[in-house]
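A short write-up of the structure that comes next.
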Amino acid sequence: MSHLVKKTQDSLKSIILNAVKKAVAAGTLPCDAESSFNIEVPADRLNGDFSSNAALAWARDFRMSPKKIAQEICANLDFEDTYFDKAEVAGPGFLNFYLNQRYYADILLDIKEKGKNYGRSDYGKGEKINVEFVSANPTGPMHMGNARGGALGDCLAAVLDFAGYDVTREFYVNDAGNQIDKFAMSLDIRYQQIYKGENFVELPEDSYHGEDIKECARDFADSYGDKYLDVDEQERRKALVDHVLPKNIQAMKDNLLKYRIEYDKWFHESVLYNNGELEQTLEVMKSKDLTYEKDGALWYKATEHGGEKDEVLVRANGNPTYFAADIAYHRNKLAVRKFDKAINIWGADHHGHVARIKGALDAIGVDGERLDIILMQLVRLTRDGEVVRMSKRTGKAITLTDLLEDIPIDAVRFLFNMREPSSQMEFDLDLAVEQSAKNPVYYCQYAHARICSIHKKLNSENIFPRECTQEELELLTMPEEKELIRHLSSLTDEIITAAKNYDPARITRYTVELATLLHKFYNSCRVKCGDEPLMQARLFLCDCVRSTIKNALDMFKITVPESM
RNA sequence: GCGCUUGUAGCUCAGUAGGAUAGAGCAACUGCCUUCUAAGCAGUAGGCCGUGGGUUCGAAUCCCUCCAAGCGUGCCA
């Protein structure tokens, strides 16, 4: 799936090199160029549609001033049968190139032909990527922090998919290990308190104190009454967990679905305990002499593999640590299920874990480079100018459900993808709700609705869009029209760059810019203008803008209303 | 203490694998609807790119110093 922009840029390189050859033959340049040079899109349109730093890059090779070199190249350019019609030397020696109208017409025809596939490419063809995100602890409800990770992960996966990768969206369910034991204990105590009073047993410091635990215990009691009070503690706790955990997991699925996130795979940590992979992983580590025993626990010699200190793998009480399970889990992703790449989205508070897990993977012979961790700064919520602490302890966490009830999902998904993950964002709840009508997402949706409105209006006057010829599309010569087309043309590259950099925020910014250009066009060029071919060409352009906005927002599962 | 991340307009952020005069949005101010949606457009104002040095034709961008903020440094996850 070649795309026009790339092809045009590549052709420009050979056009320049040919000019150099001609100049060398004519004796006006000393020798062929060696240093590499770039074709770029200048920030300022006054500097052309494409520019090249070739002359600057070759100043040393040629022992000539960049400006002189640029003039020589310029004089020898041959634009016969290309999309260019002129070039200029500017500034210290930049070569600026200007596209002809045929290029703009062909861009539009290309967009129209690709339709809803416009923006897709095969850049990542053949590569299997696993994107794991949210992976909230099933011991309680999801909170605001998970909202950012959810929007980020889902949209990153979408971007990778559009760029041609084979993407799997995955949720890691921590349904085993220590925290489940604590969860069971907390539930058990709350359950007993229902019948024996709050003072009967006290909740230890390191248990879950949230209100949600009480509700879960109450729910269990509603189903089974007090019949578990007298059974063996282990059996009672197992019954509690078996009852509550699936419900919690289902609640997370429901919530995420409301948030328009659908996973391909819910991977349960317990699987690693049951299928022997955790055990195997520990055996591999032992056999590679990566472990030792101390104080009754099994330790990993992390310090010998770039770590700051050694880490416990199996506690003295026999329970494996989260770290041990995590090694087994990533070994599963990369070595068992054979993903070429695994991307994890983690809260920045887990950053200390990054080097450890990669180092451990390297140590067991799985290339840690294949694991990419995106650290996302946690969202700091403020309300009435004060920071809202999200503590699970106090049970005051703002849940994902609360958030989705307050702020439209389109807005949340868009907003969380406006900034790079590494930015520490402050999120004023009141402002987010209050300003929702001014949210950039509405600005983009409005552009789409406006175009639909033009169509409706013209339809009511019995004017309908028709196919346009290349010649007709070449009538779009206003600066606002050309800007718009140029921006339309960059979607595919934008998606590829977003995929390369793991930065879906590029797409929201792209869409805002597209909306801006549409609004500018709308204010300076009337579609219904009395000139039939021009009107049809503008309708064609509008249609391309509409489908491009739709493709971009569809990709992020954000709705595109036809009227607002 | 050590480690990771971040410092760009009053606020929230861009700045594309050094490039041409550092850009948007919000907030403020001034204009534009008898003509396809004013949820829009045009304009004004606002900056020692945290500090100090270095690298080169050229640095917000790369290297080092320092300052500030957030987080981490559990037999928690």
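Order of the sequence lines fixes the chain letters, A, B, ..., with proteins taken first and strands second; residue numbering starts at 1 for each chain.
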Between [N] and [M], how many Å separate the two [atom1] atoms, rounded to a whole number?
| N | M | atom1 | value |
| --- | --- | --- | --- |
| B:rG31 | B:rA68 | P | 47 Å |
| B:rG23 | B:rC48 | P | 15 Å |
| B:rC62 | B:rG18 | C1' | 8 Å |
| B:rC64 | B:rU30 | P | 50 Å |
| B:rC26 | B:rA45 | C1' | 15 Å |
| B:rC49 | B:rA22 | C1' | 8 Å |
| B:rC41 | B:rA27 | P | 13 Å |
| B:rC67 | B:rA24 | C1' | 29 Å |

Using the 3.5 Å cut-off, write out each protein N or O paired with an N or O of nucleotides 32-35 of chain B and the distance between them.
from	atom 1	to	atom 2	distance (Å)
B:rU35	O2'	A:R526	NH2	2.9

Within the structure shown, what part of the strands sits under 4.0 Å from [X] by heavy-atom distance: base, sugar-phosphate, or nothing?
| X | result |
| --- | --- |
| A:A90 | base |
| A:S524 | nothing |
| A:I451 | nothing |
| A:C452 | nothing |
| A:N459 | nothing |

Can you tell me the distance, in whole Å, between the [atom1] atom of [X] and the [atom2] atom of [N]?
| X | N | atom1 | atom2 | result |
| --- | --- | --- | --- | --- |
| A:M418 | B:rG25 | CE | C1' | 7 Å |
| A:E420 | B:rG7 | CD | C1' | 14 Å |
| A:F416 | B:rC13 | CZ | P | 12 Å |
| A:E480 | B:rC36 | CD | P | 19 Å |
| A:Q377 | B:rC4 | CD | P | 15 Å |
| A:F50 | B:rU16 | CZ | C1' | 14 Å |
| A:N501 | B:rG15 | CG | C1' | 13 Å |
| A:I39 | B:rA17 | CD1 | P | 15 Å |

Are side-chain heavy atoms of [X] and [Y] found at a separation under 4.5 Å?
| X | Y | value |
| --- | --- | --- |
| A:M564 | A:Y442 | yes |
| A:F521 | A:M478 | no |
| A:L99 | A:T8 | yes |

With sequence neighbours excluded, tell me which residues meet salt bridge (charged side-chain N to carboxylate O under 4.0 Å, His left out) with A:E311.
->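 A:K309, A:R356.
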
Which residue lies more 5' along RNA chain B, comparing A:K520 with A:A449 via nearest heavy atoms |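 Nearest nucleotide further toward 5': that of A:A449.
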
Looking at RNA chain B, which of residues 506-514 of chain A put a heavy atom within less than 4.0 Å of it?
->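 Correct list: A:R506, A:R509.
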
Answer yes or no: is there an ion pair linking [X] with [Y], defined by an N-O contact shorter than 4.0 Å?
| X | Y | answer |
| --- | --- | --- |
| A:D493 | A:K6 | no |
| A:E88 | A:K86 | yes |
| A:K456 | A:E562 | no |
| A:E513 | A:R509 | no |
| A:K520 | A:E480 | no |

If you check every side-chain atom of [X], which of [options] has the closest atom?
| X | options | answer |
| --- | --- | --- |
| A:Y522 | B:rA38, B:rA20, B:rG19 | B:rA38 |
| A:M564 | B:rU16, B:rA39, B:rA20 | B:rA39 |
| A:F94 | B:rC36, B:rG40, B:rA20 | B:rA20 |

Of A:M376, A:E420, A:R413, which is the lone residue that meets side chain to side chain contact (heavy atoms under 4.5 Å, CB included) with A:L152?
->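 Result: among A:M376, A:E420, A:R413, A:M376 is the only option passing the side chain to side chain contact (heavy atoms under 4.5 Å, CB included) with A:L152.
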
Identify all pairs in which a protein N or O lies below 3.5 Å from an N or O of nucleotides 73-77 of chain B, and state each distance.
from	atom 1	to	atom 2	distance (Å)
B:rC75	O3'	A:R315	NE	3.2
B:rC75	O2	A:A316	N	3.0
B:rC75	N4	A:D295	O	3.2
B:rC76	OP2	A:N178	ND2	3.1
B:rC76	OP2	A:R315	NE	2.9
B:rC76	OP2	A:R315	NH2	3.3
B:rC76	O3'	A:R315	NH2	3.3
B:rA77	OP1	A:R315	NH2	2.8
B:rA77	OP2	A:R315	NH2	2.8
B:rA77	OP2	A:Y322	N	3.3
B:rA77	N3	A:H350	NE2	3.1

Grab the two heavy atoms, one from A:S489 and one from A:V5, that are nearest each other, plus how far apart they are.
->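 Nearest heavy atoms, A:S489 then A:V5: O-CG2, 3.1 Å.
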
Please walk me through it: do A:E532 and A:Q536 pass side chain to side chain contact (heavy atoms under 4.5 Å, CB included)?
-> CA-CA 6 Å; A:E532 206 275 341; A:Q536 284 296 340; 3.2 Å; yes

Does RNA chain B take part in any stems of at least 3 consecutive Watson-Crick or G-U pairs (both distances under 3.5 Å), and if so, which ones?
->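 Looking at RNA chain B, the stems formed by three or more consecutive pairs are B:1-7 with B:67-73, B:10-13 with B:23-26, B:28-32 with B:40-44, B:52-54 with B:62-64.
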
Presence of donor-acceptor pair under 3.5 Å, side chain of A:H351 and base of B:rC71 =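 Flag set: donor-acceptor pair detected.
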
Checking salt bridge (Lys or Arg N to Asp or Glu O under 4.0 Å) for the pair A:D543/A:R546: CA distance, chi angles, key distance, verdict?
-> CA-CA 5 Å; A:D543 205 46; A:R546 178 170 63 175; 2.7 Å; yes

Backbone N or O of A:Q377 within a donor-acceptor pair of the A:R148 side chain at under 3.5 Å?
->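 Looks like yes, one N/O pair under 3.5 Å.
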
Are any of A:Y443's side-chain N or O atoms less than 4.0 Å away from OP1 or OP2 of B:rC41?
->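 Yes.
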
Where does B:rC67 land, syn or anti, once you apply the within-90°-of-0 test for syn?
->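 Anti conformation for B:rC67.
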
Those residues that, when tested against A:E369, pass side-chain hydrogen bond (donor to acceptor under 3.5 Å, both in side chains) (two or more places apart) =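 Partners of A:E369 by the side-chain hydrogen bond (donor to acceptor under 3.5 Å, both in side chains) criterion come out as none, since no residue qualifies.
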
Determine, step by step, whether A:D310 and A:Y300 satisfy the side chain to side chain donor-acceptor pair (under 3.5 Å) criterion, reporting the C-alpha distance in whole Å, the side-chain angles of both residues, the deciding distance to 0.1 Å, and the verdict.
-> CA-CA 6 Å; A:D310 290 349; A:Y300 160 56; over 6 Å; no

